[in-house]
Amino acid sequence: MYRGPVATYQRKAQQQQQQQRLWSVQQASRFTTSALISKDVTVTFIEPDGNEIQATGEEGTNLMELAHENDVDLEGACEGACACSTCHVILDDNVFDSLPEPTDEENDMLDLAFGLTDTSRLGCQVLLTSDMEGMRIKLPSATRNFYVDGAKPSHH
Amino acid sequence: MKAFLLLPQRTASSGIRRFSVSVQAYRDKNIAIVGGGAAGFYTAARLLAKTQDVNIDIFEQLPTPYGLVRFGVAPDHPEVKNCTTKFDQVSGSPRVRYFGNIQVGRQLALEKLRSAYDGVVLSYGASEDRKLGIPGEDGVDGKWGVVPARQFVAWYNGLPEAQGLDVDLKSFDRVVIVGHGNVALDCARILLTEPSELASTDITAHALETLRGSNVRHVEMVGRRGPLQVAFTTKELREMTKIPALDFICDRDLVASECAKWAEWLDASRSLKRMMDLLTKHAVSAGHSGRKSFTLSFLKSPVEVVPDQAAPQRIRFQINRLEGPVDAARAVGTGEFVDVPCGLILRSIGYASTPLDGAPFDGRRKIIPNIAGRATDNGELVPGLYAAGWVKRGPVGVIATTMQDAYRTADAVIMDLVHSQGQPREAIDQMLSESGVLSSCVTNAQWKRLEAFEAEAGQLTGKPREKVTNIEQMLNIVK
């Protein structure tokens with residue numbers, strides 16, 4: 001998502017408000033018998049140039065949203081509708097293996113992703129769980145073959 | 001009075017050392033983008049994200065922005081259009097101005113842009129299509145013949161200049177589409193989907209009405225090569241298998257033999273392998289009488305279109321065989337022919353870009369010659385001129401492809417801005433005023449008004465928008 005200075009400021013302000021509300025709920029819940037708070041999970045995004053960004057989000061947040069909330073350089077053209085491949089991320093082997101299989105629809109989109117690997121997923125289709133604490137998420141480098149002379153590449 | 005002269009001095013090594021005082025006043029840079037579709041907007045987005053001091057003016061020939069995202073993406077693929085949120089963020093930036101209803105090359109010469117701006121990016125896409133080049137293609141007395149899929153798509157998507165297309169879907173039940181790409185599949189799907197399923201999309205009211213009265217039951221999609229050379233993608237093919245009460249027909253023996261012959265190569269090609277698995281799982285060899293059908297035909301090249309008493313036309317194909325390696329297979333005619341009686345024939349073998357007055361153009365490949373986005377003319381770089389999107393690479397690729405492509409062009413622009421030679425904003429505005437741009441353009445604020453109008457109109461019939469399909473009407477609404 002495009003995040004200019006004003007948009008980032010607004011998003012951060014929103015986030016702060018959300019966190020303040022969550023904090024007061026957390027405070028209140030200390031005095032109840034059942035605490036219905038989603039656990040926060042911290043992961044690390046690794047951008048193509050090697051830059052590492054730590055991100056913390058609630059369980060259930062998808063990886064694309066988490067990336068956007070933390071200014072990670074990940075696109076998301078269709079905004080999480082599983083209709084493009086621009087939020088493509090590369091997961092650790094063990095995390096990838098532990099996840100349920102991608103749907104046909106997600107696999108159809110992954111077919112078109114740049115730099116597809118054996119542990120690739122669409123970020124918008126993977127939800128944070130507490131098991132993912134500390135996981136490292138690599139962003140693929142966009143080095144898809146762009147022929148300068150307009151030659152046609154072989155099938156995707 | 002003593003006169004103080006600054007005299008040129010000779011130095012030993014080189015001739016005259018001149019004294020000069022020049023103060024390069026710092027100013028923002030200005031970029032013009034020609035074409036307000038995905039390529040143009042993603043170029044602008046990248047320029048905004050990676051610089052602080054670059055202003056962008058986007059020129060678009062239609063009043064409405066978004067290009068093929070509005071007029072190409074199928075109405076039943078609304079999620080794909082979510083990318084316009086980012087485009088709106090770009091237009092909403094104080095560093096960006098949108099000038100709709102301005103045709104560069106017509107009322108505003110490219111030369112004027114190139115002398116005023118620090119750089120000009122050409123991202124005007126492909127507005128024509130490739131012809132089959134066969135007898136009968138243009139029909140008889142302008143009736144029948146072959147219709148470009150591009151035009152059919154533009155028609156049901158509300159492109160103003162395509163609204164005059166005379167689409168008759170009543171007097172026959174069979175359509176032939178020549179081409180094995182996603183545009184061909186989109187056309188097949190729109191023709192075979194129950195119209196009631198399309199009623200809640202932004203397909204035009206006129207197209208929906210025409211489809212409701214359609215008698216089309218069978219669509220045959222023909223390509224000159226085999227199953228392993230198709231250009232469409234699995235997502236779109238899968239959608240055909242999900243249309244209820246539709247027979248998906250293809251030559252299963254051919255698919256099986258091709259897959260067996262090239263098994264090793266296929267195993268290494270994830271996307272194609274998944275597609276062949278889909279075909280093998282869902283396709284039948286023959287349809288059932290009474291049911292709608294979609295036939296995927298291989299190894300046929302069209303050679304002629306002739307009128308027919310009943311059908312009301314026939315398209316003749318030569319049957320091909322394949323030669324060469326699987327990833328560069330050539331279709332070779334066998335001398336055998338087959339006739340297919342049908343009504344509407346669509347050709348969907350590729351879009352094509354057209355030249356722009358004042359810019360170099362590769363007439364063979366129909367693109368702006370370029371090296372990684374920097375325009376060239378006979379091999380020489382043209383300073384300050386760039387290309388992005390289909391007009392740069394050819395009419396291939398999805399929105400994500402165009403996004404990355406546009407980013408690379410924007411990166412080249414940014415690199416070159418150090419040597420820029422444009423005018424300050426005031427001079428640009430004067431040029432725009434003098435050429436009548438400011439008085440006849442549709443601004444972003446005006447487009448937003450039209451967008452709201454369309455959304456409101458759509459609400460009345462349960463559609464996301466009811467597109468205005470007439471330019472005069474658009475201008476009346478916004479001005």
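Per chain, numbering begins at 1; letters A, B, ... match sequence-line order. Only heavy atoms go into these numbers, but all of them, side chains included; no hydrogens, no water, no symmetry mates. Quick caveat: nothing in here was measured; it's all calculated off a predicted structure.
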Tell me if a side-chain donor or acceptor on B:Arg270 pairs with a main-chain N or O of A:Leu110 at a distance below 3.5 Å.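 A pair under 3.5 Å: no.
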A quick test of your reading: do over 12 heavy atoms of other residues, nucleotides or ligands sit less than 6.0 Å from [atom1] of [X]?
X: A:Glu52; atom1: CD; result: yes
X: B:Arg238; atom1: CZ; result: yes
X: B:Asn378; atom1: CG; result: no
X: A:Asn94; atom1: CG; result: yes

Should A:Glu79 and B:Lys86 be marked as a salt bridge (Lys or Arg N to Asp or Glu O under 4.0 Å) after you check the CA-CA gap, both sets of side-chain angles, and the distance that decides it? CA-CA 10 Å; A:Glu79 310 197 323; B:Lys86 180 157 188 167; over 6 Å; no
For chain A, find which of B:Thr234, B:Asp362, B:Val80 contributes the most heavy-atom pairs closer than 4.5 angstrom.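 The residue among B:Thr234, B:Asp362, B:Val80 with the greatest pair count is B:Thr234.
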Which one of B:Glu79, B:His77, B:Glu236, B:Lys81 has the most heavy-atom pairs closer than 4.5 Å to chain A?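 That would be B:Glu79.
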Would you mind telling me which of B:Met275, B:Arg274, B:Lys273 makes a side chain to side chain contact (heavy atoms under 4.5 Å, CB included) with A:Asp111?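 Option passing the side chain to side chain contact (heavy atoms under 4.5 Å, CB included) with A:Asp111: B:Arg274.
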Of the non-hydrogen atoms in B:Met403 and A:Ala77, which two are nearest, and what is the gap between them?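 B:Met403 and A:Ala77 have their closest heavy atoms at CE-CB, 3.8 Å.
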Where is the tightest heavy-atom contact between A:Ala81 and B:Asn82, given as atom of each residue plus distance?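 Reported closest heavy-atom pair: CB-ND2, 4.0 Å.
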Criterion side-chain hydrogen bond (donor to acceptor under 3.5 Å, both in side chains) on B:Tyr407 and A:Glu75, from CA distance to verdict: CA-CA 12 Å; B:Tyr407 286 1; A:Glu75 295 288 342; 2.6 Å; yes
Please round to the nearest 0.5 Å and tell me the distance separating atom NZ of B:Lys235 and atom CD of A:Glu105.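 Nearest 0.5 Å value for the NZ-CD distance: 9.5 Å.
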